[in-house]
Number of protein chains: 2
Amino acid sequence: MTPRPGARQRLLDAAEELFASGGFAGTPVDAVLARAGVAPATLYAHFGSKTGLQAAALAARLRRWDDVWSAAVAAAPDDRARLLAVFDALDAFGTGGTPSRWCAFLDAAAGAPADDGTAVAALAEDTALLRGRLRELAAPVAGEDAAELAEHLLVVVTGALAMALRTDPARATAQGRATAAALVDRWR
Amino acid sequence: MTPRPGARQRLLDAAEELFASGGFAGTPVDAVLARAGVAPATLYAHFGSKTGLQAAALAARLRRWDDVWSAAVAAAPDDRARLLAVFDALDAFGTGGTPSRWCAFLDAAAGAPADDGTAVAALAEDTALLRGRLRELAAPVAGEDAAELAEHLLVVVTGALAMALRTDPARATAQGRATAAALVDRWR
DNA sequence: GTCTATATTGGGATAGAC
DNA sequence: GTCTATCCCAATATAGAC
């Protein structure tokens with residue numbers, strides 16, 4: 001059997017799970033420590049601060065999201081489905097670990113003080129990933145208008161993420177998929 | 001000249017402005033007190049807690065949003081413009097007082113602990129207002145499909161609000177308007 | 001109703017030993 | 001690197017007088 005992961009990895013796992021479910025601001029450091037089974041000083045030796053831990057956890061989460069989305073795209077049968085696969089990925093990503101209240105990257109930027117650059121940077125990376133891949137996937141569907149369609153879909157994906165605050169996440173992604181489909185079908 | 005408003009009103013004004021610009025969690029009570037020129041005990045005598053003040057401030061904000069949106073609808077020349085006027089209202093609402101980082105209602109729900117019902121209730125009222133009026137305004141454009149179109153637009157409006165975290169608010173509403181227009185024009 | 005002054009505690013971070 | 005124990009402060013809330 002695999003050995004118990006080191007303290008650093010356990011901290012990252014605990015942070016990603018708890019920050020996603022309870023929100024960053026709403027999750028005390030103690031809760032992360034308790035779940036990871038680690039002493040306070042260990043956290044600060046590795047990450048320097050709660051914010052530093054958040055940055056590392058978000059970086060790991062972005063890689064995981066990238067993988068989940070890629071897999072969803074690979075599983076889709078045609079160009080249209082590949083473009084809409086982002087919503088399948090959102091469903092899979094949410095139900096995979098602990099279901100999150102809403103997007104951890106938007107949560108980070110919304111909760112951070114105005115001068116905190118780390119949260120903004122993490123959200124910017126997430127945005128760049130979304131925008132870039134949506135453009136690639138939109139190309140076979142919309143041709144020259146790929147960038148325009150991608151911007152539309154970025155709004156809808158972001159809307160679906162935030163709609164998780166207004167209603168339950170499953171409904172939010174389902175509605176987002178429907179809205180995105182309505183937009184995509186303008187280009188058929 | 002108008003007399004200086006009472007402490008209660010000054011607290012509400014200060015709270016709405018500071019919570020909108022700095023976020024609820026990121027705004028200490030002291031900052032609200034300082035801006036209102038009021039002593040701590042006065043705040044707690046009127047509102048009971050910081051959360052109580054937030055609830056009252058959000059209620060006032062919802063009324064103001066309702067008015068701004070109504071005015072934008074009244075100023076629009078035709079059915080299509082009336083349906084898209086929500087984005088004009090968002091621009092006017094944001095630039096009116098202190099520009100807010102993003103939607104105060106979504107912020108409240110995102111930042112509140114899971115058991116806090118007041119923030120969720122305030123967001124629910126905001127959602128009901130959006131959904132209801134979008135349906136009314138969609139009727140002349142989409143007829144029987146008004147409810148369906150309204151749900152699409154609710155996602156887009158929510159997306160525009162959250163996009164203010166990814167980019168600056170002016171770009172967010174502009175993109176939202178464009179995306180909404182693309183959807184509305186499916187029903188032309 | 002409003003003030004001054006103070007109580008209380010949750011929670012992020014550190015000191016120093018092992 | 002990791003632990004135990006502790007510090008420190010920010011921030012919410014209250015006591016009691018006017």
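This structure is a prediction, so every number in the text was calculated from the model and none was measured. Note on naming: letters A, B, ... go to the chains in the order of the sequence lines (proteins, then strands), and numbering restarts at 1 for each one. The figures that follow rest on heavy atoms only: side chains count, while hydrogens, waters and symmetry mates do not.
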Within residues 27-37 of chain B, those residues having any heavy atom closer than 4.0 Å to DNA chain D are B:Thr27, B:Pro28, B:Val29, B:Asp30

Is there side-chain contact between A:Arg135 and A:Arg131, with at least one heavy-atom pair below 4.5 Å? yes

Qualifying side-chain hydrogen bond (donor to acceptor under 3.5 Å, both in side chains) pairs, either residue in residues 10-19 of chain B, two or more places apart: B:Gln9-B:Asp13, B:Glu16-B:Arg61, B:Glu16-B:Arg64, B:Glu17-B:Arg35, B:Glu17-B:Thr98

Please enumerate all residues that pass salt bridge (charged side-chain N to carboxylate O under 4.0 Å, His left out) together with A:Asp185, with sequence neighbours excluded. A:Arg80, A:Arg188

From CG (A:Asp168) to CZ (A:Arg101), nearest 0.5 Å: 14.5 Å

Would you mind building the protein contact string for nucleotides 4-9 of chain D? One character per nucleotide, 5' to 3', B for base within reach (heavy atoms under 4.0 Å), S for sugar-phosphate only, - for untouched. BB----

Can you list the other members of the hydrophobic cluster that holds B:Tyr44, where links are side-chain heavy atoms under 4.5 angstrom apart? B:Leu11, B:Leu12, B:Leu18, B:Phe19, B:Phe24, B:Val29, B:Val32, B:Leu33, B:Val38, B:Leu43, B:Phe47, B:Leu53

Can you list every pair that meets ring pair (Phe, Tyr, Trp, His ring centres under 6.0 Å) and has a residue in residues 60-82 of chain A, with sequence neighbours left out? A:Trp65-A:Trp69, A:Trp65-A:Phe93

Quick one: pull up OG1 in A:Thr179 and NE2 in B:His152 and give me the separation to the nearest 0.5 Å. 5.0 Å

Can you pull the side-chain hydrogen bond (donor to acceptor under 3.5 Å, both in side chains) pairs that have at least one residue in residues 84-93 of chain B, sequence neighbours excluded? B:Asp88-B:Arg177, B:Asp91-B:Thr173, B:Asp91-B:Arg177

For B:Asp145, all residues meeting salt bridge (charged side-chain N to carboxylate O under 4.0 Å, His left out), sequence neighbours excluded: none

Kindly say whether B:Gly52 contributes a backbone atom to a donor-acceptor pair with the side chain of B:Ser49 at under 3.5 angstrom? yes

What's the shortest heavy-atom distance between A:Arg82 and A:Leu137, and which atoms? O-CD1, 3.6 Å

Taking atom CZ as the centre, does B:Arg171 end up with more than 12 heavy-atom neighbours from other residues, nucleotides or ligands that are less than 6.0 angstrom away? no

What are the bounds, 5' to 3', of the part of DNA chain C that sits under 4.0 Å from heavy atoms of chain B? C:dT2 to C:dA5

d(B:Leu153 CG, B:Glu148 CD) to nearest 0.5 Å is 10.5 Å

Kindly state each residue pair satisfying ring pair (Phe, Tyr, Trp, His ring centres under 6.0 Å) with at least one member in residues 98-126 of chain A, sequence neighbours excluded. A:Trp102-B:Trp102

Residues within residues 14-25 of chain B bordering DNA chain D, heavy-atom distance below 4.0 Å: none

Treat each ILVMFWY residue as a node, draw an edge where side-chain heavy atoms are under 4.5 Å apart, and state whether A:Leu161 and B:Val120 are in one component. no

So if I take residues 43-53 of chain A and measure heavy-atom distances to DNA chain C, which residues fall below 4.0 Å? A:Tyr44, A:Ser49, A:Lys50

